[in-house]
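A, B, ... follow the sequence lines: proteins, then strands. Residue 1 opens every chain.
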2 protein chains.
Amino acid sequence: MTVFVTGIAGFVGVNLTAALLARGERVAGFDNLCRGKAEYLARWHDHERFAFEQVDLADLAAYRDALNRVHTRSPITEVWHLAANSDIPAGIADPAVDHRDTFMTTFNTLVLMRELEIGSIAFASSSAVYGDLGVHRLTEDTGPLFPISNYGAMKLASEAMISAAVESYLERAWLFRFPNVIGVPATHGVIMDFVRKLKADPSVLDVLGDGTQQKGYLHVEELVDAMLHIRHHATDRLNCFNIGALDDGVTVRFIAETVRDRLSPGASIRYGTGNKGWVGDVPRFVYSVDRLLDSGWQPTLSSAEALRLAVNQVLEQESAG
Amino acid sequence: MTVFVTGIAGFVGVNLTAALLARGERVAGFDNLCRGKAEYLARWHDHERFAFEQVDLADLAAYRDALNRVHTRSPITEVWHLAANSDIPAGIADPAVDHRDTFMTTFNTLVLMRELEIGSIAFASSSAVYGDLGVHRLTEDTGPLFPISNYGAMKLASEAMISAAVESYLERAWLFRFPNVIGVPATHGVIMDFVRKLKADPSVLDVLGDGTQQKGYLHVEELVDAMLHIRHHATDRLNCFNIGALDDGVTVRFIAETVRDRLSPGASIRYGTGNKGWVGDVPRFVYSVDRLLDSGWQPTLSSAEALRLAVNQVLEQESAG
């Protein structure tokens with residue numbers, strides 16, 4: 001019996017794989033290696049319960065062939081669908097990116113689950129489905145859902161296709177609406193952006209926006225722990241959970257200063273204007289995690305603690321690399 | 001200056017075209033003629049303010065060429081995007097149908113609006129985005145949005161892409177969430193289904209489900225009137241409106257009896273079981289049209305009146321055909 005993971009060589013996929021293997025699961029996964037890296041999976045190369053293959057999930061024929069082989073070796077009992085474009089500005093510049101990598105990967109995964117009669121899917125959705133509802137407190141039942149990025153739109157479209165599939169042929173689905181997640185292996189994101197900028201020019205750190213933008217941050221190891229908890233405790237056919245920090249988060253200014261203080265204490269920080277980093281970025285939101293707390297799980301780290309830990313890990317990663 | 005209509009040869013497209021031409025607008029439209037029919041547009045063949053071309057909107061290259069020609073002749077100022085798969089069970093049997101005809105038509109329309117710098121879109125969305133929320137009163141802000149058909153999922157995906165486009169490059173959008181719409185030229189739907197069944201066998205009418213399923217119905221001419229009213233009175237950048245009847249609707253039993261009484265009074269009606277006609281059908285919902293009423297528009301016909309009118313029109317259409 002195999003747990004199948006899409007986007008397995010990505011930031012969340014690698015951490016999920018570690019947790020699943022530690023729990024004794026057999027894990028197989030695909031990744032197109034556009035953003036994920038095979039080297040993140042190298043430590044399990046000889047693991048008897050682990051298998052990886054480079055497959056473009058947007059190519060249905062290739063995906064079908066490869067998944068059939070996995071399923072024949074050891075039946076897949078559930079799918080963790082993490083594959084997506086993670087570069088939001090790239091998806092705004094060209095909507096085909098999010099259509100292909102964020103949506104068609106879901107679409108094709110559902111087509112193949114139906115063909116192979118795999119009944120359960122856990123899906124990495126996003127707080128981006130909520131768009132910019134201002135200071136409105138965002139619960140899982142909040143509407144309207146008007147995303148402001150193609151990434152958010154294609155995550156919402158993926159949720160919707162899964163929902164329709166649950167009505168028609170899936171047995172069970174878990175939708176996890178992620179907040180901002182930090183940790184390693186970092187492939188993108190604000191911490192890595194700041195680290196790389198400061199390495200290029202240790203005297204100054206240029207920040208998009210005025211630094212007041214505030215978000216909650218969850219460490220990726222806690223995210224994986226929360227998902228596995230929900231997977232085993234939420235028993236509706238369609239389960240949707242916000243996953244996030246308990247606090248209101250930290251500002252971009254806090255992140256910039258934390259990275260600066262660790263890496264280049266003498267550097268000055270130059271802020272831009274406005275409280276959005278880019279088109280499609282949500283400046284501030286208040287995320288309700290009451291449903292998650294009610295399920296019996298809560299993070300152990302605050303946003304600030306998660307941030308400091310992740311900064312140390314990213315610095316270690318970047319100096320090793 | 002041209003108003004461009006997708007799905008122009010369909011049920012709503014034909015009625016919208018009549019209303020736009022009557023208001024003095026120049027109208028151009030495309031349709032793949034899968035479900036719409038060129039004959040519905042024949043009456044405007046020589047109209048100097050009307051142009052139609054058969055184009056598959058899911059084919060971006062063909063769509064781009066044809067739309068560039070229209071735009072060069074007379075600049076397009078706004079798009080009415082109505083093209084979609086209208087056969088919900090077909091879309092559940094094969095999700096590629098709704099992906100291609102309901103979603104990719106929207107996706108490609110947005111790509112071309114960006115290229116041609118056309119700022120305004122009016123979009124035919126659907127109550128299907130709400131899924132089955134039971135007796136919950138559905139306002140435009142209601143969540144969660146978990147559609148139970150691929151049609152509903154791809155309408156929600158289309159809304160989401162439009163929402164992201166408004167954030168990025170569109171000037172204005174109107175999302176119309178349609179209820180069940182009836183009238184002519186009928187291409188599908190419960191009335192035509194019953195009429196054709198009774199013509200095939202005048203002695204008995206087989207009904208899917210137990211007949212208790214109840215929905216509000218709006219006549220297509222009123223729907224078009226409501227959309228044009230909203231288009232000219234709602235001035236937010238992103239405007240979303242439920243459009244529907246004021247009453248709680250009529251049952252499938254009422255529709256079956258109305259058609260039977262008009263067409264074959266001696267026929268018996270045989271009901272099935274359950275209150276869903278097919279997978280993905282929402283058995284009952286309560287639709288709030290408060291926002292529509294607040295805008296200063298209301299339907300003149302009740303669901304029952306609209307239904308009786310439409311039955312007469314469909315009977316006339318089917319005996320003429």
Please flag which part of [X] lies under 4.5 Å from any non-hydrogen atom of chain B: side chain, backbone, both or neither.
X        : result
A:Phe107 : side chain
A:Leu175 : side chain
A:Leu238 : side chain
A:Ala173 : neither
A:Tyr169 : neither

- prompt: Taking all atoms of both residues into account, what is the closest heavy-atom pair of B:Asp290 and B:Arg137, and its distance?
  reply: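 Smallest interatomic distance, heavy atoms only, reads OD2-NH2, 2.6 Å.
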message: Ignoring hydrogens, what is the shortest heavy-atom contact between A:Phe178 and A:Tyr287? Give both atom names and the distance.
response: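 Residues A:Phe178 and A:Tyr287, closest heavy atoms: O-OH, 3.8 Å.
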task: For the pair B:Glu159 and B:Arg177, find out whether any cationic side-chain nitrogen is under 4.0 Å from an anionic carboxylate oxygen.
output: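 B:Arg177 and B:Glu159: salt-bridged.
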- prompt: So, A:Asp94 and A:Arg100, do they make that salt bridge, N to O below 4.0 Å?
  reply: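 No salt bridge links A:Asp94 with A:Arg100.
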- request: Anything in residues 114-124 of chain B with a heavy-atom distance to chain A below 4.5 Å? Please list those residues in order.
  value: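 B:Arg114 fall under the 4.5 Å cut-off.
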message: Need one label for B:Leu110: side chain, backbone, both or neither, based on atoms under 4.5 Å from any heavy atom in chain A.
response: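 Neither the backbone nor the side chain of B:Leu110 comes within 4.5 Å of chain A.
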B:Tyr151 portion near chain A, given a 4.5 angstrom heavy-atom threshold: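 It is neither, since no heavy atom gets under 4.5 Å.
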- request: Return yes if some donor-acceptor pair links the side-chain N/O of B:Thr105 with the main-chain N/O of B:Ala58 below 3.5 Å, else return no.
  value: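 Judged by distance alone, no pair lies under 3.5 Å.
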- prompt: How are the rings of A:Phe103 and B:Phe103 set to each other: parallel, tilted or perpendicular (split at 30° and 60°)?
  reply: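 Ring orientation, 0 to 90° scale: tilted.
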message: When you compare the side chains of A:Thr212 and A:Asp210, does any donor N or O come within less than 3.5 Å of an acceptor on the partner?
response: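 Side-chain D/A pair, A:Thr212 to A:Asp210: present.
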task: Before giving the answer on side chain to side chain contact (heavy atoms under 4.5 Å, CB included), spell out for B:Leu246 and B:Leu293 the whole-Å C-alpha distance, their side-chain angles and the decisive distance to 0.1 Å.
output: CA-CA 9 Å; B:Leu246 296 182; B:Leu293 295 176; 3.6 Å; yes
- request: Determine, stepwise, if the pair A:Asn239 / A:Arg172 fulfils side chain to side chain contact (heavy atoms under 4.5 Å, CB included).
  value: CA-CA 8 Å; A:Asn239 307 277; A:Arg172 191 149 289 165; 4.1 Å; yes
